J.: 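Here you go, one structure.
What you see is a predicted model, and the numbers here were worked out from it, not measured in a lab. Start at 1 with the first residue, then count along the sequence. Atoms considered below: every heavy atom in the structure, side chains included; atoms not considered: hydrogens, waters and symmetry mates.
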Amino acid sequence: MTAPADPDAPQDKARAQDALVVFTPSGKRGRFALGTPILTAARQLGVDLDSVCGGRGICSKCQVAPSFGAFPKLGVEVREDALSPWNQVEERYRAKRGLAPGRRLGCQARVMGDVVIDVPPESQVHKQVVRKRAEAREIVLDPATRLYYVEVPEPDMHNPKGDMERLRDALAEQWGLAHAQGDLRTLQGLQAALRAGEWKVTVAVHQGAQTGGARIMQVWPGYHEGPILGVAFDVGSTTIAGHMVDLASGQVLASSGLMNPQIRFGEDLMSRVSYAMMNPGGAAEMTRAVREALNALIGQLCAEARADRGAVLEGVIVGNPVMHHLLLGIDPRELGWAPFALATSDSMELWAAEIDLEMHPDARLYILPCIAGHVGADAAAVVLSEAPHQSDDLVLIVDVGTNAEIILGDRRRLLACSSPTGPAFEGAQISAGQRAAPGAIERVRIDPQTKEPRFRVIGSDLWSDAPDFDGRSVTGICGSGIIEAVAEMRMAGIIDEDGAIGSAEATGSARCVPDGRTHAYVLHDASAEGGPRILVTQADVRAIQLAKAALTAGAQLLMDKMGVEKVDRVVLAGAFGAHISPLHALVLGMTPDCPVEKITSAGNAAGTGARIALLNAAARREIETVVRRIEKVETAVEPRFQEHFVNAIAIPNKAAPYPELAKAVTLPNPRFGAGADGEGGSEGGRRRRRRPRG
């Protein structure tokens, strides 16, 4: 059995008998001898894959989902015979307890070729913390679906009208609901409900702008006091969040989330578009995966709210354009090249059953409009939530994620763009990176004098310097943790403006250790007690620099178009944005310069916007109007984007001044390295030519 290694190293390329194994969503990879069990490969790479029975095929905790086809982003093509054939142990388990289609037992499936393996959330020891909660918000309650109590005239021998026609007349006379329509399913239960209620019934009616009038969805005998429910979904590239609300009261009954299973097809949007292009049926495969995830999430929400799926009468969905198209079963390949044409940018109303969602049989869905080819319905939901079109201040809203969406404006003018930040902010592409889960470092502080760190992990209120802190419980570092770590290293003088990590001699800290041709900072070392050793490497710093540079360049481009040099306030949106420290974001230069107190978090603003649209029908008309006013800026064809990007790689920025940041913190100005790769850090700045400051 071959230990995991760097697949790009020459000695590993020479071992032709070894196969490359890539795990998602962690991104960890290594080469292994043919015949190696997937569970063994996962353990050697430190992949979070559960197992209780010791690999005997009894516990089923190690279930994995292999993916086949071409994965250009991962540099691998997976053949159908990449794993050993289905064996008797798996068949016995499937027959007795069931095994979902496409799943294998990691302890039984063996490596027979290059393969991509997805570890689903339920197979992870440290379950994902999907941090997309429902933000507290005042919303004017005016839902599209309501209950109406009506008294219906009894049948009359002299009046040949049917029960449905008399119900429609009653709705028109008593509630002003003209031309209400019902379908066959409604008719099938109508007569029994009318007679059981002695001609008094409660009717659920949906009034959508695109349905041509009111739709009768359900009829209950007498006065119905049971809930009518709605769900609001934010379908993100990495996570999917859902909120279940009572449509009558507006109360949030349940909130939950899960990983988007499409991650196994590619971590970023363009990887998924490429998968659809290069694999026949790939788009349909991703459509099926996200719909199954939404149905699972509806089940979670119903369980938490102790509700029945049949009570869920309406849903609102937001997502970026690629997620939007894949959910609807539209091939996203046109979004993969200029001019990035959407199949439709309008809002949509459809039956939930049209996209296989398991809710009330007549449940209706509303999907917010998209703004442009790379700025989707989720950005429209952020606008609805944060209302920059009603602001006197010039506000910059950044929805931080794998693909950042940026909005700049006030009541006079609105601009928007998207910027491909990549998955580094989510903990991917980081040496010790992981998703937000218990044990992940999420807060970091470094003493600028001693260069000693302390940190806090998800699932514990203790800081690492507390006497009772268990260093063995640390599992890695998540997005907010790596952002704070890099910013703290900058404030402590461990990295310089260009992001180079200094040596122990240059920084005065033994925590700066050689790491190949560069240096790394030891954030945590519990290896003596059998725990992990967590480093912040030069490659980690570079990954964060590239991600934040894309973010800042997009914002600077919008400011150019607006003709301004500063903004009045900054709003960080998104599940990840809710956990970013404003000071650390400013130190990194993730946003243009702004007073620290003017940088706030909106939490999951896209989810909040979806909830507003669910509970207020007028808000749907509002956002449909506002979206037409938004000017889309395409970063891919703007010549100044690259200039801004290069300047923004520096921490905080090579060209833009940051006077507001200077009021909050004084950044040291060390010089490490001889070039962009951080070489020569052991000699501080002596091997580098001094350049005039921009």
J.: Can you check whether K632 reaches F340 side chain to side chain, under 4.5 Å on heavy atoms?
T.: no

J.: Restricting to pairs with a member in residues 276-293, which pass salt bridge (Lys or Arg N to Asp or Glu O under 4.0 Å), not counting sequence neighbours?
T.: R291-D356

J.: Quick one: OG on S255 to CG on L301, what's the gap to the nearest 0.5 Å?
T.: 7.5 Å

J.: Decide yes or no on side-chain hydrogen bond (donor to acceptor under 3.5 Å, both in side chains) for H206 and D362, but give the supporting numbers first.
T.: CA-CA 10 Å; H206 175 83; D362 283 345; over 6 Å; no

J.: Is the side chain of D593 donor-acceptor paired with the backbone N or O of E660 at a distance under 3.5 Å, no angle test?
T.: yes

J.: Taking the side chain as C-beta and beyond, is there a heavy-atom pair between H644 and T635 under 4.5 Å?
T.: no

J.: What verdict does the side chain to side chain contact (heavy atoms under 4.5 Å, CB included) test give for L357 and W351, after you've listed the backbone C-alpha separation in whole Å, the side-chain angles of each residue and the deciding distance to 0.1 Å?
T.: CA-CA 9 Å; L357 295 193; W351 306 108; over 6 Å; no

J.: Set out, in order, the CA-CA distance, both residues' side-chain angles and the distance that settles side-chain hydrogen bond (donor to acceptor under 3.5 Å, both in side chains) for D118 and T24, then state yes or no.
T.: CA-CA 5 Å; D118 181 58; T24 64; 3.0 Å; yes

J.: To the closest 0.5 Å, what do you measure between CG (L229) and NE2 (H360)?
T.: 11.0 Å

J.: Under the criterion side chain to side chain contact (heavy atoms under 4.5 Å, CB included), I'd like the reasoning laid out for I367 against L328: C-alpha separation, chi angles, the key distance, then a yes or no.
T.: CA-CA 10 Å; I367 300 176; L328 294 174; 3.6 Å; yes

J.: Could you check if a side-chain atom of L384 sits within less than 4.5 angstrom of a side-chain atom of E622, using non-hydrogen atoms only?
T.: yes

J.: For P592 and Y658, which heavy atoms make the closest approach, and how far apart are they?
T.: CA-OH, 3.8 Å

J.: Looking at E638 and K561, is there a salt bridge between them, counting it only when a charged N and a carboxylate O are closer than 4.0 Å?
T.: yes

J.: Go through the steps to decide whether Q262 and Y275 satisfy the test side chain to side chain contact (heavy atoms under 4.5 Å, CB included), and finish with yes or no.
T.: CA-CA 11 Å; Q262 293 176 343; Y275 186 84; over 6 Å; no

J.: Are any side-chain N or O atoms of T287 and backbone N or O atoms of L326, one a donor and one an acceptor, separated by less than 3.5 Å?
T.: yes

J.: Heavy-atom distance under 4.5 Å between the side chains of M278 and P72, does that happen here?
T.: yes

J.: Going by an N to O cut-off under 4.0 Å, is there a salt bridge joining R569 and E386?
T.: no

J.: At their closest point, which heavy atom of I458 faces which heavy atom of C478, and how far apart are they?
T.: CD1-SG, 4.2 Å

J.: Between OG1 of T591 and CG of L396, what distance do you get to the nearest 0.5 Å?
T.: 7.5 Å

J.: Minimum heavy-atom separation for I139 to R611, with atom names?
T.: CD1-NH1, 3.9 Å

J.: Any heavy-atom pair between the side chains of H325 and L342 that's under 4.5 Å?
T.: yes

J.: Taking N320 for the side chain and G376 for the main chain, is one N or O donor matched with an acceptor at less than 3.5 Å?
T.: no

J.: Side chains of H584 and I580: does their closest heavy-atom pair fall under 4.5 Å?
T.: no

J.: Give a yes or no on whether the backbone of G266 and the side-chain of R272 come within a donor-acceptor separation of less than 3.5 Å.
T.: yes

J.: Can you classify the ring geometry of W175 versus Y148 as parallel (below 30°), tilted (30 to 60°) or perpendicular (above 60°)?
T.: perpendicular

J.: State, with a plain yes or no, whether a side-chain heavy atom of V398 is found less than 4.5 Å away from one of V571.
T.: no

J.: Is the backbone of Q251 close enough, under 3.5 Å, to the side chain of D246 for a donor and an acceptor to pair up by distance?
T.: no

J.: Using a 3.5 Å distance criterion without hydrogens, assess whether the side chain of S274 forms a donor-acceptor pair with backbone atoms of M270.
T.: yes

J.: Working to the nearest 0.5 Å, report the span between CD1 of I216 and CD of Q181.
T.: 8.0 Å

J.: Look only at the side chain of S418 and the backbone of V375, and say whether a donor-acceptor pair between them is shorter than 3.5 Å.
T.: no

J.: Looking at D560 and G563, would you say the former's side chain and the latter's main chain have a donor-acceptor pair under 3.5 Å?
T.: no

J.: Indicate yes or no for a side-chain donor-acceptor contact from N260 to the backbone of I263 under 3.5 Å, with no hydrogens or angles considered.
T.: no

J.: Compare every heavy atom of A180 with every heavy atom of L171, then report the nearest pair and how far apart it is.
T.: CD1-CB, 4.0 Å

J.: Please determine which of R215, R620, R146, R364 meets the salt bridge (Lys or Arg N to Asp or Glu O under 4.0 Å) test together with E314.
T.: R620

J.: Walk me through whether R443 and S581 qualify under side chain to side chain contact (heavy atoms under 4.5 Å, CB included).
T.: CA-CA 9 Å; R443 291 282 176 265; S581 153; 5.6 Å; no

J.: Do V383 and P388 come close enough that some side-chain heavy atom pair is under 4.5 Å?
T.: yes

J.: Around E565, counting heavy atoms of other residues, nucleotides and ligands shown, do more than 12 lie under 6.0 Å from its CD?
T.: no

J.: Measure the spacing between OG of S419 and CG of D399 and express it to the nearest 0.5 Å.
T.: 12.5 Å

J.: Taking all non-hydrogen atoms of both residues, which atom of A648 and which atom of T552 are closest, and how far apart?
T.: CB-CB, 3.9 Å

J.: Quick one: closest heavy-atom pair of L558 and L415, and the distance?
T.: O-CD1, 3.4 Å

J.: Please check this pair: side chain of H243 against backbone of V252, looking for a donor-acceptor N/O pair closer than 3.5 Å.
T.: no

J.: To the nearest 0.5 Å, what is the distance between CG (D568) and CG (D393)?
T.: 4.5 Å

